[in-house]
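See structure below.
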Amino acid sequence: MDKEFVRIIEKVRAFLLKNGLKDFSFEKIIDFGVSERDISSFVNSKEELVEKILEYERKSFEAIFLEYNFDGQNAIDILFIVSQEINDKFEHVTPSITMELENYFPEIYAKHMEVRMGFIFDKIQINIQKGIAQGMYRNDLSGEMVGRMYLSRLEDMHNPELYPPERFKFGTIYDTMIDKFVKSIATEDGLIYYRQRKQLLGVLSFGR
């Protein structure tokens, strides 16, 4: 994305975090350093802007996998790295905005989630295959089944009825999900490694 457009998107996101989407219009975000003309130079409608915001959400998440070369790394370490990166880039992947976008732009949001979940599904299957080969995950696992289970848990994370955003931080929910996920698929060696790395890195803070 154009750097100036990324700046505009981040300003719009800041506006939405504070004010919500209900009364949003191009002319209302001038106090956030963006003019209507700035936005109109890149998009022609709110719908197109929403598509670009959600694309930015996806690209921010996908950038984690582009930034790191996971070849040869332990499958469990990869989960730790992704978890830490999500916490560090909290503002780029938080569902607090996208939940509201889903209500006002359901078709655009549905397409966004289909693309995002497809990307995640492919990555988690690679991680499962790697973990089985390394002896970290059980060898009786179905990559497809585990991948679908992982996606189901991600979808639950985005359910505001289960996890009201005013009470639960996205990073905390994600870390808890990863903790339970690893414990459900790891071998004894994998669990030992996971607990050692968890304690050493201090990435996750949940008790056994």
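Worth knowing before you read on, the calculation uses all heavy atoms, side chains too, and leaves out hydrogens, waters and symmetry mates.
- Heavy atoms of other residues, nucleotides or ligands lying less than 6.0 angstrom from CD1 of I30 number 12 at most.
- Here CE of M113 is found 7.5 Å from CG of L154. Values are rounded to the nearest 0.5 Å.
- Taking the side chain as every heavy atom from C-beta outward, I39 and I29 approach each other to under 4.5 Å.
- Closest approach of H112 to R58, counting heavy atoms only: ND1-NH1, 3.1 Å.
- Looking at heavy atoms from C-beta onward, R13 lies in side-chain contact with E57 at the 4.5 angstrom threshold.
- Within the 4.5 Å cutoff, the side chain of L49 has heavy atoms near those of the F26 side chain.
- Follow the hydrophobic side-chain contacts under 4.5 Å out from I120 and you reach I64 in the same cluster.
- By the rule that hydrophobic residues join a cluster once side-chain heavy atoms approach within less than 4.5 Å of another member, F121 and I128 end up as members of one cluster.
- Note: the hydrophobic cluster containing I78 does not contain I126 (ILVMFWY, side chain heavy atoms under 4.5 Å, direct or indirect links).
- Tested against Y137 for a side-chain contact (heavy atoms from CB on, under 4.5 Å), the candidates T187, D189, I76 yield a single pass: I76.
- Looking at K180 and R153, their side chains come closer than 4.5 Å, going by heavy atoms from C-beta outward.
- Judged purely by atom type and a 3.5 angstrom limit, N19 uses its side chain to pair as donor or acceptor with the backbone of F15.
- Residue K11 comes nearest to F32 through the heavy atom pair CD-O, 3.0 Å, listed as atom of the first residue, atom of the second, then distance.
- Note: the hydrophobic cluster containing V115 does not contain I124 (ILVMFWY, side chain heavy atoms under 4.5 Å, direct or indirect links).
- Both the sub-6.0 Å distance and the 45° axial angle are satisfied by R116 relative to the ring of F61.
- Between F181 and Y150, the angle of the ring planes goes over 60°, which puts this pair in the perpendicular group of the 30/60° scheme.
- Note: F80 and Y194 meet the aromatic proximity criterion, with ring centroids under 6.0 Å apart.
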Test side-chain contact (heavy atoms from CB on, under 4.5 Å) applied to D156 and M177, step by step: CA-CA 10 Å; D156 286 344; M177 189 271 282; over 6 Å; no
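- Under a hydrophobic-cluster definition in which Ile, Leu, Val, Met, Phe, Trp and Tyr are linked whenever side-chain heavy atoms come within less than 4.5 Å, directly or via other members, V6 and L54 are assigned to the same cluster.
- Residues S40 and N44 come closest through the heavy atom pair O-OD1, 4.3 Å.
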Worked verdict on Y193 versus D77 for side-chain contact (heavy atoms from CB on, under 4.5 Å): CA-CA 9 Å; Y193 184 84; D77 282 340; 2.6 Å; yes
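- Contact check on E4 versus R7 returns a salt bridge, with a Lys/Arg side-chain nitrogen under 4.0 Å from an Asp/Glu carboxylate oxygen.
- Using a 4.0 Å cut-off between charged nitrogen and carboxylate oxygen, D179 and K198 count as a salt-bridge pair.
- When every heavy atom of M149 is checked against every heavy atom of S184, the shortest pair comes out as CE-OG, 4.0 Å.
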Candidate pair K52 and E55, rule salt bridge (charged side-chain N to carboxylate O under 4.0 Å, His left out), full reasoning: CA-CA 5 Å; K52 294 300 182 181; E55 179 184 347; 3.6 Å; yes
Full working for side-chain contact (heavy atoms from CB on, under 4.5 Å) between Q196 and I192: CA-CA 6 Å; Q196 289 174 343; I192 291 171; 3.7 Å; yes
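- Of the charged side-chain nitrogens involved, none lies within less than 4.0 Å of a carboxylate oxygen, so that E155 and R148 do not count as a salt-bridged pair.
- A donor-acceptor pair under 3.5 Å is absent between the side-chain atoms of Q129 and the main chain of G143, judged by distance alone.
- Scanning both residues, E144 and Q125, for their nearest heavy atoms gives N-OE1, 3.3 Å.
- With E51 contributing its side chain and K46 its backbone, the two residues share no donor-acceptor pair below 3.5 Å.
- The residue from I108, I9, V43 that alone fulfils the side-chain contact (heavy atoms from CB on, under 4.5 Å) condition with I53 is I9.
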Evaluation steps, side-chain contact (heavy atoms from CB on, under 4.5 Å), between Q73 and I81: CA-CA 11 Å; Q73 282 195 294; I81 292 170; 3.7 Å; yes
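- Smallest separation of non-hydrogen atoms from D38 and I8: O-CD1, 3.5 Å.
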